[in-house]
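Below is one structure, written out as structure tokens, with a few remarks after it.
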Amino acid sequence: MLKITLKDGSVKEVQKGTTVYDVAASISGRLAKEAVVGAVNGKTVDLSYKLEEDCELSILKFEDSEGAHAFRHTSSHIMAQAVKRLFPDTQLAIGPAIDNGFYYDFDTEHKFVPEDLERIEAEMQKIVKEDLKLERFELPRAEAIKFMAEKGEAYKVELINDLPEDAIISFYRQGDFVDLCAGCHVSSTKEIKSVKLTSLAGAYWRGNENNKMLQRIYGTSFPKASMLDAYLLMLEEAKKRDHRKIGKELGLFALMEEGPGFPFMLPKGMAVKNNLLKYWREVHDKANYVEIETPIMLNRHLWETSGHWFHYKDNMYALEIDNEDFAVKPMNCPGCMLVYKTAMHSYKDFPIRMAEMGRVHRHELSGALHGLMRVRSFTQDDAHIFMLPDQIKDEIIGVVNLIDEVYKTFGFSYHVELSTRPENSMGSDEDWNRAEAALTEALVSLGINYKLNPGDGAFYGPKIDFHLMDCLGRTWQCGTIQLDMQLPQRFELTYIGKDGEKHQPIMIHRVAFGSIERFMGILIEEFAGKFPSWLAPVQVKLLTIADRHIPYAEEVSAKLRAKGIRVELDDRAEKIGYKIREAQLEKGPYMLIIGDKEAELGQVSVRSRDIGELGSLEFDVFVNTLLSEVAERSLKTKFEKVE
RNA sequence: GCCGGUGUAGCUCAAUUGGUAGAGCAACUGACUUGUAAUCAGUAGGUCGCGGGUUCGAGUCCCAUCACCGGCUCCA
């Protein structure tokens, strides 16, 4: 192992041959998108540079530098200016700076093709060379509208009209180009040294699908060409972790044309999934949940009662059987409501925590599908908690803590969002206010920072969402806690209170993993396919040196299997170097090399995927160390090199 | 669903202006019996995503369709 000293003085141990990118990724979660340049002992290196000895490593972040935003914003103006020069009929919409770059939305008769990006880039280079100064000026509203109307910029006029009464309306000028803009910018176009237009996309005006679709061009820019190169390299490195790529390489899951959005779990992926389920049951058992299972398909009447038929009919898989409409469940809640109603409940029973690993199907739009992250069939680790009004806060705190415990087990960092009442919601103001207050209170009392999304709640209640990030920095909702004041009412759920009267229980709906499949996708990217030993589909790979070692290898295999260890034997007549290489590419945590020496002494020669050759160990020592690693769900190897 | 792109052997990729599809790895067979990241030789493998059309001739051009990739929208 190497000792890597970081800029802040902390020391990190990594395996020899680890890339600078991997270190960066492990420091900032998967948010390595911020890491633009690495420097080893003060010397700048590529992110794919392999660390071979102890060193000081710094990861330089352009994001952190002042002016990154202004820099990109100016780049977007230069792109708009270039587009206007090349395609004068173009109307400008909006062009902001974003993480990693910028974009601009255009409305033009000309259909942009990828080759246009090069032309536009070339024109941008000219504008950079022209050294145009950026000048800011303000106009009163009426003049501003007139100014933009004269230029034929209808979108800008609409934007100005929608600005608040007291807004200052500012413009930036660079040469012959003027754009409505609040700022801020660098002082001259010549500061933009390195720019690349990265992609072409459609985007609805103002993000509304009923509006016209505009043409959006994405780009990125940096103060130095070397930083751009490093950024592009970083993207390539990140793509190596893509769960779709690794899932195929390691035989974890498959997506087939025969079932778009319906993932197939292959034996190795199923092993991972089963270990997740085992862990999940353990955690929920400890937290006093009971587990149920409800049918995959239920009749229309149920979905009308729940409100899903009205709200989500188009996204449900419906079918008619014996002249009756049925739908495959898109959620587990209604089934759970029926289970609740199978018995009378007393306030003394509360809270009731009813969990279900439910397979749900949702007909997502074809364009929304994405590997395991966004699918049409997935397994929710669902639970519904029924409780009294004064138990809400504690229950929510309990769930937040449970989700936190689960994520910590995997070493994930996450962020939390609180979404409030949307427009097409059901329920009274009073219910909504109470529900939103309960969620907010729980988050505040836990001291959790959260992002507020006004109007983004579910139609039946507000929610707390937990988001994890993929290898390219896109975030995905995983855990969620939703307070539901609708379903108990619609299903007329009751419990008998202290007063002997019937009352309506409070219910929350929650998931921790969210979708097991999506969580697996995140896991694959987090570990780059190198699952910790408790999750690894194959924990130990046995490699024989020669055919005469097969009997002893089979003996070792049987003994490991008896201990509940997942083993695979490679007894092919290949050279050991070749077998090791293949096993290493399969990313399993341990290899045991079996040759004359081992067979004679009854030992095992251990190799770790992370550390390399460890040396010979007594069989029991190996097994016990591995079992304790698995039992603790350790994220790191507990083995050390035998000297 | 919308905008743009891609689709050739199990995988990763080639194939001049339209002229009968090729490599590496994997697989299979044989030899080698090997000590910590690739042994050698041979064999087999493709209706070029699917369906139309243009043409003497289409992997190459056109239309339609499916899937995937990047966005947008959506995400109970």
Side-chain angles (χ1 to χ4, degrees), chain A residues 17 103 105 111-114 116-117 198-218 239 242 244-245 248-249 251 255-261 303 306-308 310-316 329-334 360 362-371 373-376 380 422 424-425 456-461 463 465 472 474 476-477 480 482 484 486-487 509 514-515 518 543-550 572-585 591-598 605-609 612-615:
Chain A
Y103 68 78
D105 287 345
K111 292 263 179 243
F112 289 126
V113 293
D116 288 331
L117 298 187
T198 49
S199 67
L200 209 47
Y204 299 107
W205 166 236
R206 299 200 135 179
N208 184 332
E209 63 176 328
N210 298 316
N211 291 341
K212 181 166 186 183
M213 179 162 272
L214 309 172
Q215 299 189 74
R216 174 174 297 180
I217 299 177
Y218 284 92
K239 276 184 190 154
D242 192 311
R244 292 166 297 191
K245 180 175 155 67
K248 190 187 264 183
E249 286 167 354
L255 289 159
M256 316 208 195
E257 279 198 22
E258 289 80 354
W303 303 113
S306 68
H308 290 97
F310 174 71
H311 279 274
Y312 292 105
K313 188 163 64 95
D314 291 345
N315 295 315
M316 285 162 69
K329 67 177 174 183
M331 287 192 91
N332 305 299
C333 323
V360 297
R362 300 177 178 182
H363 185 254
E364 304 290 358
L365 291 175
S366 57
L369 302 179
H370 182 103
M373 304 296 200
R374 190 81 184 273
V375 292
R376 286 174 171 159
Q380 279 186 319
N424 65 338
S425 58
D456 273 353
F459 70 85
Y460 50 72
K463 58 179 185 172
D465 292 332
L472 288 176
R474 295 175 287 210
W476 299 89
Q477 180 195 307
T480 176
Q482 310 182 349
D484 190 329
Q486 278 302 310
L487 284 183
H509 163 111
S515 144
R518 174 179 292 182
L543 310 176
T544 50
I545 302 251
D547 290 352
R548 64 177 176 281
H549 306 121
I550 293 176
R572 293 174 302 172
E574 296 288 350
K575 288 177 84 169
I576 193 67
Y578 179 78
K579 293 196 198 183
I580 286 173
R581 177 184 156 78
E582 291 213 328
Q584 195 75 36
L585 293 174
M591 287 155 251
L592 297 185
I593 284 80
I594 311 236
D596 287 333
K597 200 171 66 182
E598 290 72 27
S605 177
V606 186
R607 184 185 165 93
S608 148
R609 99 192 135 196
E613 188 176 355
L614 294 178

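So that the names make sense, note that chain A is the first sequence line, chain B the second, and so on, each numbered from 1. When reading the values below, keep in mind they use all heavy atoms of this one structure, side chains included, and skip hydrogens, waters and symmetry mates.
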Practice task
Would you mind classifying the nucleic acid contact of A:Gly595 as base, sugar-phosphate or nothing, using non-hydrogen atoms under 4.0 angstrom?
Solution key: base
Exercise for the section: Name the nucleic acid region contacted by A:Phe459, choosing base, sugar-phosphate or nothing; use a 4.0 angstrom heavy-atom cut-off, strictly under. Expected result: nothing
Practice task
Pick base, sugar-phosphate or nothing for A:Ala368, based on heavy-atom distances below 4.0 Å to the nucleic acid.
Solution key: base
Problem - Residue met sooner reading RNA chain B from 5', once A:Ala203 and A:Met331 are mapped to nucleotides - result: A:Ala203
Completion exercise
Of the listed B:A76, B:G35, B:C11, the closest approach to the A:Lys248 side chain comes from B:C11
Problem - Distance, nearest 0.5 Å, that separates OG of A:Ser605 from CG of A:Leu592 - result: 8.0 Å
Practice task
Mark yes or no for whether A:Lys579, through its side chain, and A:Thr544, through its backbone, hold a donor-acceptor pair below 3.5 Å.
Solution key: yes
Exercise for the section: Tell me what A:Arg376 touches on the nucleic acid: a base, only sugar-phosphate, or nothing, going by heavy atoms under 4.0 Å. Expected result: nothing
Practice task
Examine B:G71: is either OP1 or OP2 under 4.0 Å from a nitrogen or oxygen in the side chain of A:Arg474? Give yes or no.
Solution key: yes
Exercise for the section: Select base, sugar-phosphate, or nothing to describe what A:Arg607 touches, counting heavy atoms under 4.0 Å on all strands. Expected result: base
Exercise for the section: Kindly state whether the pair A:Tyr578 / B:A38 counts as stacked, where counting means centroids closer than 5.5 Å and planes tilted less than 30° apart. Expected result: no
Practice task
Output yes when at least one side-chain N/O atom of A:Ser199 is less than 4.0 Å from OP1 or OP2 of B:G71, else no.
Solution key: no
Problem - Paired nucleotide for B:G24 [Watson-Crick or G-U wobble; both distances under 3.5 Å] - result: B:C11
Handout entry: B:A76 phosphate, OP1 or OP2, under 4.0 Å from A:Lys463 side-chain N/O
Key = yes
Problem - N-O pairing of A:Asp596 and A:Arg548 below 4.0 Å - result: yes
Exercise for the section: Indicate, yes or no, whether a donor-acceptor pair under 3.5 Å links the base of B:G4 to the side chain of A:Tyr218. Expected result: no
Practice task
Find the distance between CZ (A:Arg244) and CG (A:Leu255) and round it off to the nearest 0.5 Å.
Solution key: 9.5 Å
Practice task
Under 4.0 Å between any heavy atoms, over every strand shown, what does A:Gly207 touch: base, sugar-phosphate, or nothing? Just pick one.
Solution key: sugar-phosphate
Problem - Check: A:Arg374 side chain, B:C74 base, donor-acceptor under 3.5 Å - result: yes
Exercise for the section: Rounded to whole angstrom, note down the P distance from B:G70 over to B:C32. Expected result: 49 Å
Completion exercise
Quick note, A:Ala573 side chain, CB onward, closest among B:G1, B:A37, B:U34 is B:U34
Practice task
Kindly say whether A:Gln584 contributes a backbone atom to a donor-acceptor pair with the side chain of A:Arg609 at under 3.5 angstrom?
Solution key: no
Handout entry: Closest to side chain of A:Arg362, choosing from B:U39, B:C75, B:G35
Key = B:C75
Problem - 5' precedence on RNA chain B between A:Ile576 and A:Leu200 (nearest-nucleotide basis) - result: A:Ile576
Handout entry: Integer-rounded Å distance: B:U39 C1' and A:Glu574 CD
Key = 8 Å
Completion exercise
Ranking B:U73, B:A37, B:A76 by distance to the side chain of A:Asn315, first place goes to B:A76
Exercise for the section: Check every strand shown and say whether A:Thr198 touches a base, only sugar-phosphate, or nothing at a heavy-atom separation below 4.0 Å. Expected result: nothing
Practice task
Determine which nucleotide pairs with B:U6, using a 3.5 Å limit on both distances of a Watson-Crick or G-U wobble pair.
Solution key: B:A67
Exercise for the section: Mark yes or no for whether A:Thr198, through its side chain, and A:Tyr218, through its backbone, hold a donor-acceptor pair below 3.5 Å. Expected result: yes
Handout entry: Short side-chain N/O contact to B:A26 OP1/OP2 from A:Arg581, under 4.0 Å
Key = no
Problem - Residue A:Tyr204, side-chain atoms from C-beta onward, closest of B:C72, B:C68, B:U34 - result: B:C72
Practice task
Mind calculating the distance between CE (A:Met591) and P (B:A38) to the nearest angstrom?
Solution key: 13 Å
Handout entry: B:G45 pairs with, by Watson-Crick or G-U criteria that keep both distances under 3.5 Å
Key = none
Handout entry: Flag, side chain of A:Arg216 to backbone of A:Ala201, donor-acceptor distance under 3.5 Å
Key = no
Handout entry: Identified pairing partner of B:U39, criterion: Watson-Crick or G-U wobble below 3.5 Å
Key = B:A31
Practice task
From the options B:C72, B:G4, B:A76, select the nucleotide whose nearest atom is closest to the side chain of A:Lys111.
Solution key: B:G4
Problem - Base B:G35 paired with A:Glu598 side chain (donor-acceptor, <3.5 Å) - result: yes
Practice task
Classify the ring geometry between A:Tyr312 and A:Phe459 as parallel (under 30°), tilted (30 to 60°) or perpendicular (over 60°).
Solution key: tilted
Practice task
Check every atom of B:U36, B:A76, B:G4 against the side chain of A:Pro330 and return the nucleotide holding the closest atom.
Solution key: B:A76
Practice task
Would you indicate what A:Asn208 reaches in the nucleic acid, counting non-hydrogen atoms under 4.0 angstrom: base, sugar-phosphate, or nothing?
Solution key: nothing
Practice task
Mind calculating the distance between CD (A:Glu249) and C1' (B:A26) to the nearest angstrom?
Solution key: 13 Å
Exercise for the section: Can you tell me the distance, in whole Å, between the CG atom of A:Leu369 and the P atom of B:U6? Expected result: 21 Å
Problem - Any A:His370 side-chain nitrogen or oxygen under 4.0 Å from OP1 or OP2 of B:C68 - result: no
Handout entry: side-chain N/O A:Lys212 vs B:C2 OP1/OP2, d < 4.0 Å
Key = no
Problem - Length of the line joining A:Asp456:CG and B:C74:P, which is rounded to integer Å - result: 9 Å
Exercise for the section: May I ask you to verify if any side-chain N or O of A:Arg244 is less than 4.0 angstrom from the OP1 or OP2 atom of B:C69? Expected result: yes
Problem - Given B:U36, B:A76, B:C72, the nucleotide with the shortest approach to the side chain of A:Met213 - result: B:C72
Exercise for the section: Using modelled atom types only, decide if a donor and an acceptor are shared between the side chain of A:Arg518 and the backbone of A:Gln477 within a distance under 3.5 Å. Expected result: yes
Completion exercise
Picking from B:A76, B:U36, B:U33, the nucleotide nearest the side-chain atoms of A:Ala546 would be B:U33
Fill in the blank from the handout: Picking from B:G5, B:C74, B:A37, the nucleotide nearest the side-chain atoms of A:Glu364 would be B:C74
Practice task
Specify the separation, in whole Å, of atom CG of A:Leu255 and atom C1' of B:G49.
Solution key: 16 Å
Handout entry: Atom pair CZ/CZ of A:Arg374 and A:Arg376 - distance to nearest 0.5 Å
Key = 10.0 Å
Practice task
Would you kindly give the NE2-to-P distance between A:His311 and B:C75, to the nearest whole Å?
Solution key: 12 Å
Completion exercise
By the Watson-Crick or G-U definition, both distances under 3.5 Å, B:U54 is matched with none
Exercise for the section: Would you indicate, yes or no, if B:A37 has its OP1 or OP2 atom less than 4.0 angstrom from a side-chain nitrogen or oxygen of A:Arg609? Expected result: no
Practice task
Check the distance between B:C3's C1' and A:Tyr103's OH and give it to me in whole angstrom.
Solution key: 15 Å
Completion exercise
Pairing partner of B:C72, by Watson-Crick or G-U wobble and under 3.5 Å for both distances, is B:G1
